[in-house]
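One structure below.
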Amino acid sequence: MVKEQLKTQTFGLFSHIKSDVSSGLVVFLVALPLCLGIALASGASPLSGIISGVIGGLVVGFLSNSHLSVSGPAAGLTAIVAKAIIDLGSFETFLLAVFIAGIFQLALGFIKAGTISNYFPNNVIEGMLAGIGIIIILKQLPHAFGYDADYEGDESFVQPDGRNSFTEFFDVFQHLEPGAILIAGVSLVVLISWNYIPFLKKINLLPAALVVVLLGVLINSLLLLNGHSWALQQQHLVALPVPKDLASLSDLITTPDFSAIQNSKVWVSALSIAVIASIETLLCIEAADRMDVHKRYTDTNRELKAQGIGNMLSSMLGGLPMTSVVVRTSANKEAGAQTKLSTIVHGLLLLVAVVFIPGLLNKIPLATLAAILLMVGYKLAKPSVFIHFWKRGKYQFLPFLLTFLAVILTDLLIGVALGLVLSIIFVLWGNLRKAFDVTREMYTDGEVTHISLAQEVSFLNKTAIKNTLAAIPENSRVLITAHQTVYIAHDILDLIKEFTEVRAKERNISVKLRGFKEEYKLDNAPETVPQVRIEQYYDVAKRQTVVKEITDNNF
C-alpha cells in the first residue's frame with residue numbers, strides 16, 4: 001500500500017508537467033499527418049481521423065492508467081474499416097458498428113480478458129517493436145526524399161497501389177524533390193546533434209522535434225518567397241481540412257444510424273473491429289510497459305474499458321475506431337514522457353489545431369515529420385536489440401527474428417501470431433526433452449537404469465518415454481522414480497503400468513517404482529532392485545577415492 005502511494009506521489013498527473021507538455025507537443029506533430037493519412041486510406045473523411053485522435057488523447061488518455069500509451073486511428077484497421085464502409089452501404093451505418101464494437105470492448109474489460117497480454121513472450125514483443133521500427137524507416141524514407149505517393153501512416157508491406165515497401169523505395173529515385181531532401185537532411189542533423197552538442201542540450205525549453213518543424217516551415221517559406229524551384233507545394237505538406245467557421249465544423253460531424261441495429265452485417269463488422277482492435281491494443285500496451293524505464297505496469301482490463309468508451313464516443317462524433325498505437329507510443333517515450341498527461345496534451349492540441357489553426361499547420365513539410373519518425377524507427381530497431389537476443393540463444397532469438405521479419409512482410413497481428421507459434425513449439429520441444437532423465441547407476445550386483453520423471457509429464461512425452469522403455473535390454477534392472485513429479489498424465493501411467501506388468505515380464509526386466517502418489521499407485525509392481533548401492537567419492541582427508549555402500553532406505 002505504501003509502495004502504491006509513493007508511486008502515485010512520484011508519478012501524479014502533473015508531477016512532470018514540463019517534460020509531459022513537451023512530449024505531448026511532439027506526439028501531436030507525429031499524430032497529425034497519421035490521423036489524416038489513415039482516414040483517407042480507410043475511405044473516410046480526414047476529419048474522422050482527427051476526431052479519433054482527439055478522443056484517443058483526451059478520453060482514453062484520461063481513463064487509462066498507461067503512462068506512455070497513445071491511442072488513435074490505427075493503420076492495422078484500415079482494410080477492415082474500408083471494407084466495412086463498403087459492405088454496410090454508408091458511413092453512418094459503419095459508425096453504428098464502431099459503437100457496438102466499443103460495447104464489446106467494454107464487456108471484455110469487465111470479464112478481465114486483458115490478462116491474455118501476460119502470455120505474450122518478451123522476445124515476440126521486442127521482435128514486433130523492431131519490425132515496426134524498420135517499417136517506419138521504409139515508409140518514411142520516400143517522404144524524406146519528397147515522394148509522397150503513399151499515405152502517411154501506412155504500415156502494410158503491400159500498398160494499396162500494388163507496390164510494396166521495397167519497390168516504393170526504388171521508385172523514389174524517379175521522384176526526387178531537392179527541397180524535401182534539404183529539409184529532411186537539416187532536420188536529421190539537428191535531431192542527431194541535439195543530445196551530443198552541449199549548447200543544444202541546454203536549450204531544454206523546446207523539444208528537438210518542435211525545433212525541426214519550425215526550421216522546416218521556415219526553410220520552405222523562404223524558398224516560396226524567393227520563388228525557388230526547390231520550394232515544396234501543397235501536395236508535399238500537411239493537409240488539414242480548413243473549416244470556414246465553427247458552425248461549418250459542426251456540420252461536418254456525422255452520427256451513427258441506429259435504425260440499422262437489426263442488420264446482421266453490422267454486428268459481424270462490430271465483432272471484427274472489437275477483436276482486432278483489442279488485440280492490437282494489448283500488444284501495444286505490453287510494448288509500452290516494456291519501453292517504460294520506470295517498469296510500471298498497466299491494468300489491461302482497465303485499458304480495454306477505456307478503449308471501449310473511447311470508440312463509443314468517437315463513433316457518436318463521426319470518428320474512426322481506435323487502438324493504442326505503437327508508432328505514437330514510441331514517439332511519446334522517445335520525447336521523454338513520464339505520465340499520461342503527455343497523451344492528454346496531444347489530444348488537446350489536435351482539437352485546438354483543427355478548430356483554430358489548420359491553415360498554419362498546413363505549412364509543415366511532410367519531409368520534416370519523416371525525419372522525426374526516422375529517428376523513432378531507428379531507436380526501435382537498434383542493432384543492440386538483435387545482439388541482445390542473439391546472445392540469449394536460439395530459442396530466444398529465432399521467435400524474435402521470425403516476428404521481426406513477419407511484421408515487416410505481412411502485418412502486426414500475423415507477425416506476432418507466427419512468433420507466438422514458434423515460441424510455443426520451442427516450449428513443447430523443451431518439455432519433450434526435459435520430461436525425464438535417464439542415468440545408469442552401479443549397484444553391488446550390477447547396473448540399474450534409473451528413469452527420473454520431471455515435475456510435469458504430459459501426453460506429449462508419451463512417445464519419448466515409450467521409446468526409452470522399449471530400448472531397455474533384456475535381463476536388466478530398472479528404477480522409475482517420481483519424487484519430484486506433481487502431475488503425470490494418465491496416458492503415461494497406463495504406459496508404465498503396461499511396461500511393468502507385461503513388457504518387463506516378457507523380457508525378464510526387473511522394475512522398481514519409487515515416489516508415485518497414492519492416486520498414481522500401480523498394482524503388482526515388482527520390488528526386485530538390490531538393497532545396496534555403491535557410490536565412489538573423493539575423501540579430502542584421506543586423499544584417496546573411497547567406496548561407500550548406501551542402504552536402500554537412504555536411496
For the student: nearest non-hydrogen atoms of [X] and [Y], plus distance:
X    : Y    : result
V345 : G24  : CG1-CA, 4.0 Å
L320 : V81  : CD2-CG1, 4.1 Å
L351 : L58  : CD2-CD1, 4.3 Å
L63  : A306 : CB-CB, 3.7 Å
G133 : L380 : CA-CB, 3.8 Å
H236 : G146 : CE1-O, 3.1 Å

Would you indicate whether the side-chain heavy atoms of [Y] and [X] approach each other to under 4.5 Å?
X    : Y    : value
V26  : L210 : no
Y147 : E177 : no
C35  : R328 : yes
I192 : M375 : yes
H143 : L369 : no
R392 : F397 : no
L350 : L32  : yes
L282 : F120 : yes

So for atom CZ, which belongs to F91, do other residues, nucleotides or ligands contribute more than 12 heavy atoms lying within a distance under 6.0 Å?
yes

More than 12 non-hydrogen atoms from neighbouring residues, nucleotides or ligands closer than 6.0 Å to CZ on F258, yes or no?
yes

State whether a side-chain donor-acceptor pair under 3.5 Å links [X] with [Y].
X    : Y    : value
T281 : T323 : no
D148 : Q235 : no
H294 : Q338 : yes
E92  : T255 : no
E303 : T298 : no
S324 : S71  : no

Between [X] (side chain) and [Y] (backbone), is there a donor-acceptor pair under 3.5 Å?
X    : Y    : value
T329 : V70  : yes
S278 : A274 : yes
K340 : N65  : no
S19  : H16  : yes
R296 : D289 : no
S193 : V190 : no
S64  : S66  : yes
N311 : M322 : yes
N123 : Q396 : yes
T403 : G127 : no

Verdict with reasoning, T343 to S69, per side chain to side chain contact (heavy atoms under 4.5 Å, CB included):
CA-CA 7 Å; T343 301; S69 171; over 6 Å; no

Test side chain to side chain contact (heavy atoms under 4.5 Å, CB included) on K363 and N220 and set out the steps.
CA-CA 8 Å; K363 297 181 182 296; N220 196 54; over 6 Å; no

Evaluation steps, side chain to side chain donor-acceptor pair (under 3.5 Å), between D20 and T339:
CA-CA 7 Å; D20 287 337; T339 75; 2.6 Å; yes

Could you grab the distance from atom [atom1] of [X] to atom [atom2] of [Y], nearest 0.5 Å is fine?
X    : Y    : atom1 : atom2 : answer
D257 : T93  : CG    : OG1   : 4.5 Å
F104 : L108 : CZ    : CG    : 9.0 Å
I100 : S269 : CD1   : OG    : 9.5 Å
Q307 : S314 : CD    : OG    : 10.5 Å
L95  : M316 : CG    : CE    : 9.5 Å
L373 : I135 : CG    : CD1   : 13.0 Å

Between T300 and I285, does a side chain to side chain contact (heavy atoms under 4.5 Å, CB included) hold up when you go through it step by step?
CA-CA 7 Å; T300 50; I285 289 298; 4.0 Å; yes

Please step through side chain to side chain contact (heavy atoms under 4.5 Å, CB included) for the pair S423 and V124, ending with a clear verdict.
CA-CA 8 Å; S423 294; V124 172; 3.6 Å; yes

Out of the candidates S48, S45, P46, only one should pair with L36 under the side chain to side chain contact (heavy atoms under 4.5 Å, CB included) rule; please name it.
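So the option named by the test is P46.
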
Candidates L34, T78, I38, I55 - the one meeting side chain to side chain contact (heavy atoms under 4.5 Å, CB included) with P73
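Only one option passes, and that is I38.
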
Answer with yes or no after comparing the ring centroid distance for F386 and F400 against a 6.0 Å cut-off, counting only values under it.
yes

